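For reference, the structure discussed in these notes is given below.
What you are looking at is a predicted structure, and each value in this text was computed from that prediction instead of being measured.
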Amino acid sequence: MPEADEADDEEEMPLSLRLSIADTLTLGNATCGFMAVYFTTTGILIPHLQGSQETGMARHSAATAVILMLCAAVFDLFDGLVARKLRSSPMGAELDNLSDLISFGLAPAYFVLVYGMVADDAHQRVAAVGAIVVLLAVVLRLARFSCVTVKDGTFQGMPSPFGALTVVSIVLLELPFVATLLAIIGTAWLMVSRVEYPKPRGRLAVAMLSWIVLSMGLLAAWAFDAPSGQMLLQTGCALQLVMGAVIPLFATARRVNTFRDNRREARAAQLP
């Protein structure tokens, strides 16, 4: 009889409370974001507050935190693909937004905040303002994404995973503080702008996954102090910034070409 009651309860469970495979991947995204905050705190912030001069542990923790954000981006990439191939629960979209807020809003903003506390030439309060700008940009972007319908195949504004990785790349480049802050604010602006970015589908999804795996390798080489590890990491971070600026140019060029083709067709239709 108890087994029968449990079966009846399972059958009567609302569909909105049943997690799909895509939802499980989304929860993995949130977990990675939370653990990125954990490693940033325990490996970078707390040793700094205690006066530790061990730079190796801070480097390992920073690399681990960024790798976790990269893993969150992988989960975010695959949960969308799985949701399109299989079913998604009614709360899938809400879970996705909440997880993205943790992994690509809170985690990179906290990374910027800690950078402002531990870097030699940084200003803590100004860095805190930059961190708040990043967090609010992601909040506004996710809210707008839920309310605004854009044409298929594009995002309006830099996607939050790409924006988060660009923000941490700026920090890892170790530029002067003012240049770092301006680049972070510029990235936050791109996330809430109307600049179009293509959605990672097909070959672009494969290219993005390959770039994430390569970035993990560069971070691991830097963490373990491999030969030229610092140079390889800075090269990868610089490429991340270049892609953030160049990728929307392709979408803009495609839109301009489409506009020109439409004008040519309209003129050809008007000719006798």
Side-chain angles (χ1 to χ4, degrees), residues 26-50 52 54-55 57-76 96-143 158-175 177 179-192 212 215-216 219 222-223 233 237 240-241 244:
T26 303
L27 294 177
N29 171 6
T31 303
C32 288
F34 174 77
M35 293 305 297
V37 173
Y38 169 79
F39 278 100
T40 304
T41 303
T42 59
I44 303 176
L45 179 59
I46 292 178
H48 172 75
L49 295 176
Q50 293 176 344
S52 175
E54 178 59 41
T55 59
M57 184 177 68
R59 187 168 60 245
H60 279 79
S61 298
T64 303
V66 180
I67 288 175
L68 284 166
M69 293 185 213
L70 290 167
C71 291
V74 173
F75 280 118
D76 185 64
D96 189 60
N97 279 346
L98 292 172
S99 298
D100 286 353
L101 180 58
I102 295 172
S103 299
F104 311 124
L106 175 62
Y110 187 70
F111 197 82
V112 172
L113 179 64
V114 173
Y115 154 75
M117 299 176 69
V118 303
D120 294 332
D121 64 337
H123 302 277
Q124 180 177 338
R125 294 182 179 179
V126 180
V129 173
I132 292 173
V133 169
V134 172
L135 180 63
L136 294 182
V138 175
V139 170
L140 291 173
R141 169 171 176 75
L142 293 174
M158 179 182 286
S160 52
F162 199 89
L165 299 180
T166 303
V167 166
V168 297
S169 296
I170 294 169
V171 174
L172 292 175
L173 272 175
E174 297 181 356
L175 300 171
F177 177 73
T180 299
L181 184 65
L182 291 176
I184 288 172
I185 293 175
T187 303
W189 175 82
L190 280 175
M191 284 193 279
V192 297
I212 289 174
S215 300
M216 290 181 179
L219 285 163
W222 174 66
L233 177 69
C237 293
Q240 176 72 27
L241 268 65

How long is the span from the [atom1] atom in [X] to the [atom2] atom in [Y], to the nearest 0.5 Å?
X	Y	atom1	atom2	result
Leu181	Leu175	CG	CG	11.5 Å
Leu101	Leu142	CG	CG	6.5 Å
Thr180	Ile184	OG1	CD1	6.0 Å

Evaluate the side-chain contact (heavy atoms from CB on, under 4.5 Å) criterion for residues Phe75 and Thr31: first the C-alpha distance (whole Å), next the side-chain angles of each, then the deciding distance (0.1 Å), finally the verdict. CA-CA 10 Å; Phe75 280 118; Thr31 303; over 6 Å; no
Heavy atoms of other groups near Phe34 CZ, more than 12 under 6.0 Å: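 For Phe34, atom CZ is not crowded (no more than 12 foreign heavy atoms under 6.0 Å).
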Answer whether the closest heavy-atom distance between the side chains of [X] and [Y] falls below 4.5 Å.
X	Y	result
Asp96	Asp76	yes
Leu219	Leu70	yes
Ile170	Leu241	yes
Asp100	Val138	no

Check whether any side-chain N or O of Ser103 sits under 3.5 Å from a backbone N or O of Asn29 as a donor-acceptor pair, and report yes or no. yes
With a 3.5 Å distance limit and no angle check, can you tell me whether Ser99 reaches the backbone of Thr26 through a side-chain donor-acceptor pair? yes
Check [X] against [Y] and note the closest heavy-atom contact, atom names and distance.
X	Y	result
Phe162	Gly244	CE2-CA, 3.3 Å
Ile102	Ala30	CG2-O, 3.9 Å
Ala36	Met69	CB-CG, 4.1 Å

Classify the ring geometry between Tyr115 and Phe177 as parallel (under 30°), tilted (30 to 60°) or perpendicular (over 60°). parallel
